[in-house]
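What follows is a set of notes on a single structure, which appears directly below.
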Amino acid sequence: MKIALVTGGTSGIGKEIVKQLLSNECFVFVNFGHNEKLMLEAKKEFEEINYNFECLKADVSKEIEVFDMFTKIKKRFGKLDYLINNAGTNVDNYIENFNIEEFRKILDVNLVGKFICTKLAIPLLKKSKFPCIINIASRLGTKPCPEASAYCASEAGVINFTKSSTLELSKYKIRVNSISPGLTNTPLAMLGWTSEEIKEQKENNPMSRIGEPIDIANAILFLISDKASYINGENININGGSLLI
Ligand SMILES: NC(=O)c1ccc[n+]([C@@H]2O[C@H](COP(=O)([O-])OP(=O)(O)OC[C@H]3O[C@@H](n4cnc5c(N)ncnc54)[C@H](OP(=O)(O)O)[C@@H]3O)[C@@H](O)[C@H]2O)c1
């Protein structure tokens, strides 16, 4: 059985990734940072599929918590096949109004968190036959916007961190890729958008809609499969073509 860890797996994109992995014969460690209520709700949905999962609380930006999480994974299976670095956060603010702590927290969770999980996953991934890491970045990592400087900087960092990881980890046969979703229908994304703004986003998208978590989860299933065995160091945009506009 393949063993996966999905960070931020209790909501939005991460939750759908977990569901698809459970439906495709994986055992999934479902990480979350803080929200126990959200975790319990997600757990019920996962149990409708099967019981091949374990929820693990750990703030990905805190090395000691992530270390404890990997100790549990090591104890239970001694290996990891797939690390899906998905946990992320955002606060919209103008540079003039951002305080340093707020800015730093976004970088810590979105970028440093992926470094910590990658570093601690390497020994377990080395025990897998076909290991891979997928980092969830964002369209804003290559097409930045105002009022989200910390988020845009962190996601640009994730895209390049992915490529550095590829160059270092290919010698262990660990493939590393990133996925950059466009606007996707999740609690994080919908926060702060009016229905008028969403309508506008849909109208401006070549496919006349915004993304759904399943659009991202389907790409994950492909990237972890043998069919993607020569895809390495890529950043795959999934946005219905909106990056072209
Ligand atoms: N939705 C979009 O439009 C969109 C577009 C581009 C990229 N993305 C990226 O896709 C990823 C998922 O986003 P989403 O929209 O699905 O978000 P979401 O619905 O808000 O879910 C975020 C998940 O991350 C977890 N999380 C947050 N901070 C964490 C931390 N410090 N440690 C561990 N887990 C943490 C949350 O759990 P807790 O609350 O319990 O911590 C939750 O499970 C993010 O990396 C985001 O940047 C999203």
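In each ligand, atom 1 is the first atom listed, and ligand 1 is the first ligand listed. Below, all heavy atoms of this structure are taken into account, side chains as well, without hydrogens, waters or symmetry copies.
Between Tyr151 and ligand 1, at least one pair of N/O atoms sits closer than 3.5 Å. Backbone and side-chain nitrogen or oxygen atoms of Lys114 are examined, and none is located within less than 3.5 angstrom of a nitrogen or oxygen of ligand 1. Considering backbone and side-chain N/O of Val60, one or more are found under 3.5 Å from N/O of ligand 1. Where the criterion is an N or O separation shorter than 3.5 Å, residue side chain and backbone included, Gly33 meets it with respect to ligand 1. Checking only distances, Ser61 never comes within under 3.5 Å of ligand 1, N or O to N or O.
At a heavy-atom distance under 4.0 Å, no atom of Ser180 approaches ligand 1. Of the heavy atoms in Thr186, only side-chain atoms (C-beta onward) come closer than 4.0 Å to ligand 1. Proximity of Ala137 to ligand 1, defined as any heavy-atom pair under 4.0 Å, is confined to the backbone N, CA, C and O atoms. Looking at Lys15 against ligand 1, nothing comes within 4.0 Å, counting heavy atoms. Proximity of Leu140 to ligand 1, defined as any heavy-atom pair under 4.0 Å, is not found for any part of the residue.
Using a non-hydrogen distance threshold of 4.0 Å, Thr7 does not register as a contact of ligand 1. Not a single heavy atom of Thr89 sits closer than 4.0 Å to an atom of ligand 1. Within the structure, ligand 1 has His34 among the residues with a heavy atom less than 4.0 angstrom away. Ligand 1 is never approached by Pro213 to a heavy-atom distance shorter than 4.0 Å. In this structure, Glu155 is part of the shell of residues with a heavy atom less than 4.0 angstrom from ligand 1.
For ligand 1, the atoms closer than 4.0 angstrom to any heavy atom of Leu183 are 3 (O). Within the listing of ligand 1, atoms 38 (P), 39 (O), 40 (O) sit less than 4.0 angstrom from a heavy atom of Asn35. Listed by atom number, the atoms of ligand 1 under 4.0 Å from Ala58 heavy atoms are 32 (N), 33 (C). Applying the 4.0 Å criterion to heavy atoms of Gly12 picks out, from ligand 1, the atoms 16 (O), 19 (O). In summary, the atoms of ligand 1 found under 4.0 Å from a heavy atom of Asp59, numbered by their order in the structure, are 30 (C), 31 (N), 32 (N). Close approach of ligand 1 to Phe32 is summarised as follows: ligand atoms under 4.0 Å from at least one heavy atom of the residue are 33 (C), 34 (N), 40 (O). Atoms of ligand 1 lying under 4.0 Å from any heavy atom of Ala189, numbered from 1 in the order shown and given with element: 1 (N), 2 (C), 3 (O). Of all atoms in ligand 1, numbered sequentially from 1 with element shown, those under 4.0 Å from a heavy atom of Asn31 are 33 (C), 34 (N).
Closest to atom 5 (C) of ligand 1 among all protein heavy atoms lies Gly182 O, 3.3 Å. Scanning all protein heavy atoms for the shortest distance to atom 19 (O) of ligand 1 gives Ser11 OG, 2.7 Å. Closest protein heavy atom to atom 26 (N) of ligand 1: Ala87 CB, 4.1 Å. Nearest protein neighbour of atom 43 (O) of ligand 1, counting heavy atoms only, is Thr10 OG1, 2.8 Å. What sits closest to atom 10 (O) of ligand 1 on the protein, heavy atoms only, is Ile136 CG2, 3.3 Å. In this structure, atom 27 (C) of ligand 1 lies nearest to the protein heavy atom Gly88 O, 3.6 Å. Nearest protein heavy-atom neighbour of atom 17 (O) of ligand 1: Leu188 CB, 3.2 Å. The nearest heavy-atom contact from the protein to atom 16 (O) of ligand 1 is Ile13 N, 2.8 Å.
A continuous path of Ile, Leu, Val, Met, Phe, Trp and Tyr side chains, each step under 4.5 Å between heavy atoms, connects Phe70 with Ile3, placing both in one hydrophobic cluster.
Panel note: side chain Ser242, backbone Asn205; no donor-acceptor pair is recorded below 3.5 Å. No donor-acceptor distance shorter than 3.5 angstrom exists from the side chain of Arg175 to the backbone of Ser170, with no hydrogens or angles considered. Between the side chain of Glu65 and the backbone N or O of Asp59, at least one donor-acceptor pair lies under 3.5 Å.
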| task | Verify side chain to side chain contact (heavy atoms under 4.5 Å, CB included) between Leu5 and Ile84, making sure each step is shown before the conclusion. | result | CA-CA 6 Å; Leu5 166 63; Ile84 317 295; over 6 Å; no

| query | Which is it for Tyr151 and Asn110 under the side chain to side chain contact (heavy atoms under 4.5 Å, CB included) test, yes or no, and what are the steps along the way? | reply | CA-CA 8 Å; Tyr151 186 80; Asn110 295 359; 3.5 Å; yes

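A salt bridge between Glu54 and Lys72 is absent, with no side-chain N of the basic residue lying under 4.0 Å from a carboxylate O of the acidic one. The existence of a salt bridge linking Glu101 and Lys105 is excluded, since no basic side-chain nitrogen approaches an acidic carboxylate oxygen closer than 4.0 Å. Salt bridge annotation for Lys44-Glu48: absent, with no cationic side-chain nitrogen under 4.0 angstrom from a carboxylate oxygen. We find that Asp215 and Arg209 are joined by a salt bridge, their nearest charged nitrogen and carboxylate oxygen being less than 4.0 Å apart.
By the 4.5 Å heavy-atom criterion applied to side chains, Ile224 and Leu21 are counted as neighbours. No side-chain heavy atom of Tyr82 sits less than 4.5 Å from a side-chain heavy atom of Pro131.
No hydrogens or angles considered: a donor-acceptor pair under 3.5 Å links the side chains of Thr118 and Asn85. For the residue pair Ser61 / Asp108, no side-chain donor-acceptor distance below 3.5 Å is found, with atom types taken as modelled. The closest side-chain donor-acceptor pair between Asn86 and Thr7, if any, does not fall under 3.5 angstrom. Side-chain contact of Glu16 with Gln20: a donor-acceptor pair under 3.5 Å is present, judged by distance alone.
Nearest to atom 11 (C) of ligand 1 by heavy-atom distance, out of Asn86, Asn135, Asn110, is Asn86. For atom 25 (C) of ligand 1, the nearest non-hydrogen atom from the set Pro187, Gly8, Cys55 belongs to Gly8.
In the displayed structure, Lys171 atom NZ is contacted under 6.0 Å by more than 12 heavy atoms of other residues, nucleotides or ligands. By the neighbour-count criterion of 12 heavy atoms within 6.0 Å, atom NZ of Lys173 is sparsely surrounded, having that number or fewer from other residues, nucleotides or ligands.
In this structure, Phe53 has its ring center at least 6.0 angstrom away from the ring center of Phe29.
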